S.K.: 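Questions regarding the structure given below will be posed in turn.
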There are 2 protein chains.
Amino acid sequence: MALKPKSKTNSKQKVSASFSPLYKQIKELLLQSLETGEFKPGTMIPSEHDLADRFQVSQGTVRKAIDELAAENVLLRRQGKGTFVATHHEPSVRYRFLRLSADGQVEVKRTHSTILSCERLSPTEEQQKIFELSSSDEVVCIKRVMNFSNRPTVYEEIYLPAVLFKGLTFDLLTHEKMPLYGLFESHFGVQLLRCDEKLRAVSAPDSIAKLLHVAVGSPLLSIERIAYTFGEKAVEIRTGFYVTEHYYYRNSLN
Amino acid sequence: MALKPKSKTNSKQKVSASFSPLYKQIKELLLQSLETGEFKPGTMIPSEHDLADRFQVSQGTVRKAIDELAAENVLLRRQGKGTFVATHHEPSVRYRFLRLSADGQVEVKRTHSTILSCERLSPTEEQQKIFELSSSDEVVCIKRVMNFSNRPTVYEEIYLPAVLFKGLTFDLLTHEKMPLYGLFESHFGVQLLRCDEKLRAVSAPDSIAKLLHVAVGSPLLSIERIAYTFGEKAVEIRTGFYVTEHYYYRNSLN
DNA sequence: TAGTGGTCTAGACCACGTT
DNA sequence: ACGTGGTCTAGACCACTAG
């Protein structure tokens, strides 16, 4: 991983072993500025021209770096206005990680969450591995039910590394009306960028069936999610149980 | 939608109403060549330089058109070798539409399909709408069970517009060992490019439970898929029921 | 050595949004 | 009118693959 060259004519820093193109290096620099908070969610970053000046590369190279970040939904381009840092507060991308649709419409509306509990626990072995914690660290465990159109539809158990979410309490969760990932961003400076999910069909156990107003043994869509922030660092483990009688999980493959 | 200009200095064809950049127009031309079969699956298309000559644009413009098609998995770039038309026969992308993983490993292996039936039917109203057929047209209905590691895991009902799959018979399906989408490509010239899925958890009805060796009422992952070829034309409707005891459906969001 | 895709540049001009 | 992202060009050079 070589550093960026100062002038173009001298850019002979390229060796065959682990060659990294200039625009990838620029991309890393931009990611650093995002991670350190120099560019904050919702704000505009400097213009391509300014960034080209700052990094001493051509505008096209900056452009290609931004292209990739925009494709990953880390940045958002708006022609004529500027390039902005993605935020979970904008309505357009607010529920980008909730791929649930109603049988008729495209999007889910009128959602309401009931927080059941929020406690500090010792992490399981699996959680220690994923979060890179030791057994003496703690995790926050949130349990909640989400209603869509007044129907209880999702039961979730959410695990977070406690060290990143110091002031997270039951009260905060019940009083804040913003979506959870917006709360993470605004109150704790944790930006969720990407997540992996594992989907299964399972039978509703007694406890969950009661909460979701379905019969014991009813089929539920189980979604295990691991969410990541900068540097592929895992910051959330979430298991959700979805009633899919009136809603479905949509996916597009190519 | 303006045509491409012959020379760069005269390229004043751009009007504000429904402006289409040059590279999008080149992309459409490439898609036409793919659809008509000028570029066949698995073969190499002309070099960027040659295409630039042919379309009388710069290499960078051709490049951007190819970039988009590569991002959509329609084309496949291989540095130093060329750009190739995607095919469902290559091992690397063979199961790109089967997002099932085993609890341990990343990929599924040792799959085997048992064809249960293959018949011509009248299309339902929904099928008529999706395939743009009339009630006098026919659809082919295939039913099959897929085994992974000798476990019956998936039951599928597949519907196809009969007019596109003339020689498709039970015998052909049982004798051909290639994956279904490879068969579509090689025998019928139908290239599947993209699909939309709706996922739900459902209870196994009697008939399906027997086929999958699970108890009646067991939870199954239901996947309704509509698959498309060029021009967003739907060419397959598939409903699958997955036993997710040892396998899961993986997804990545950002 | 030749051919292909991949990177990078400098500059021109266009489309969009705001002032 | 101005600033932003978006498009396009012509040309140079680099990295990878194959004969």
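So that the names make sense, note that chain A is the first sequence line, chain B the second, and so on, each numbered from 1. These numbers were taken from a predicted model, which means no experiment stands behind them.
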S.K.: Dot-bracket for DNA chain D, 5' to 3', with Watson-Crick and G-U pairs under 3.5 Å, [ ] for crossing pairs and | for other-strand pairs: what is it?
M.R.: ||||||||||||||||||.
S.K.: Can you tell me how far P of D/dG11 sits from CD of B/Glu48, to the nearest Å?
M.R.: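 Taking atom P of D/dG11 as the reference, CD of B/Glu48 is at 17 Å.
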S.K.: Per the ring-ring contact (aromatic ring centres under 6.0 Å, His included) rule, which among B/Tyr242, B/Tyr95, B/Tyr247 passes with B/Phe148?
M.R.: B/Tyr247
S.K.: Just to verify, what does B/Arg63 make a salt bridge (charged side-chain N to carboxylate O under 4.0 Å, His left out) with, not counting sequence neighbours?
M.R.: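 Checked B/Arg63 against salt bridge (charged side-chain N to carboxylate O under 4.0 Å, His left out); matches are B/Glu48.
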S.K.: Quickly work out the B/Gln56 CD to D/dA10 C1' distance and round it to whole Å.
M.R.: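 My rounded result for the distance is 14 Å.
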S.K.: Considering residues at least two apart in sequence or located in another chain, which fulfil the salt bridge (charged side-chain N to carboxylate O under 4.0 Å, His left out) criterion with A/Glu72?
M.R.: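 Checked A/Glu72 against salt bridge (charged side-chain N to carboxylate O under 4.0 Å, His left out); matches are A/Lys27.
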S.K.: Would you please name every residue forming a ring pair (Phe, Tyr, Trp, His ring centres under 6.0 Å) with A/Tyr159, sequence neighbours left out?
M.R.: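 For A/Tyr159, no residue satisfies ring pair (Phe, Tyr, Trp, His ring centres under 6.0 Å) once neighbours in sequence are set aside.
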S.K.: Taking CZ from B/Phe55 and C1' from D/dT9, how many angstroms apart are they, rounded to a whole number?
M.R.: 18 Å
S.K.: According to side chain to side chain donor-acceptor pair (under 3.5 Å), who are the partners of B/Glu156, at least two apart in sequence or on a separate chain?
M.R.: B/Arg144, B/Arg238
S.K.: Nearest-nucleotide wise, let me know which of B/Gln59 and A/His49 is further upstream toward the 5' end of DNA chain D.
M.R.: A/His49
S.K.: Pick out which of B/His89, B/His88, B/Glu236 makes a side-chain hydrogen bond (donor to acceptor under 3.5 Å, both in side chains) with B/Tyr181.
M.R.: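 For B/Tyr181, the side-chain hydrogen bond (donor to acceptor under 3.5 Å, both in side chains) test succeeds with only one of B/His89, B/His88, B/Glu236, which is B/Glu236.
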S.K.: Check every atom of C/dT9, D/dG5, D/dT9 against the side chain of A/Val57 and return the nucleotide holding the closest atom.
M.R.: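 Output: C/dT9.
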S.K.: Excluding sequence neighbours, so at least two apart, what forms ring pair (Phe, Tyr, Trp, His ring centres under 6.0 Å) with A/Phe165?
M.R.: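 Partners of A/Phe165 under the ring pair (Phe, Tyr, Trp, His ring centres under 6.0 Å) test: A/Phe184, A/Phe188.
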S.K.: I need the CE-C1' distance between B/Met44 and C/dG5, as an integer number of Å.
M.R.: 11 Å
S.K.: What integer distance in Å separates A/Lys64:NZ from C/dG6:P?
M.R.: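 That distance rounds to 8 Å.
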S.K.: Could you check which residues of residues 73-83 of chain A get a heavy atom under 4.0 Å from DNA chain D? Sort them by number, please.
M.R.: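 Correct list: A/Arg77, A/Arg78, A/Gln79, A/Gly80, A/Lys81, A/Gly82, A/Thr83.
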S.K.: Give the nucleotide from the list C/dC8, D/dT9, D/dG5 with an atom nearest to the side chain of A/Arg63.
M.R.: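 For the A/Arg63 side chain, the nearest candidate turns out to be D/dG5.
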S.K.: Could you give the CG-to-C1' distance, from A/Asp53 to C/dA10, as a whole number of Å?
M.R.: 13 Å
S.K.: Among the candidates C/dT7, D/dT9, D/dG5, find the nucleotide nearest to the side-chain atoms of A/Pro21.
M.R.: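 Side chain of A/Pro21 sits closest to C/dT7.
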S.K.: Not counting sequence neighbours, which residues clear salt bridge (charged side-chain N to carboxylate O under 4.0 Å, His left out) with B/Glu38? List them please.
M.R.: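 B/Glu38 satisfies salt bridge (charged side-chain N to carboxylate O under 4.0 Å, His left out) with B/Arg54 only.
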S.K.: List in chain and number order the residues that pass salt bridge (charged side-chain N to carboxylate O under 4.0 Å, His left out) with A/Arg78, two or more places apart in sequence or in another chain; answer none if no residue qualifies.
M.R.: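 Expected list: A/Glu90.
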S.K.: Please state how far atom CG in A/Leu22 lies from atom P in D/dC14, giving the value in whole angstrom units.
M.R.: 13 Å
S.K.: In terms of side-chain heavy atoms of B/Thr61, which of C/dT4, C/dC8, D/dT9 is nearest?
M.R.: D/dT9
S.K.: Nearest-Å distance, CG (A/Asp50) to P (D/dC2)?
M.R.: 17 Å
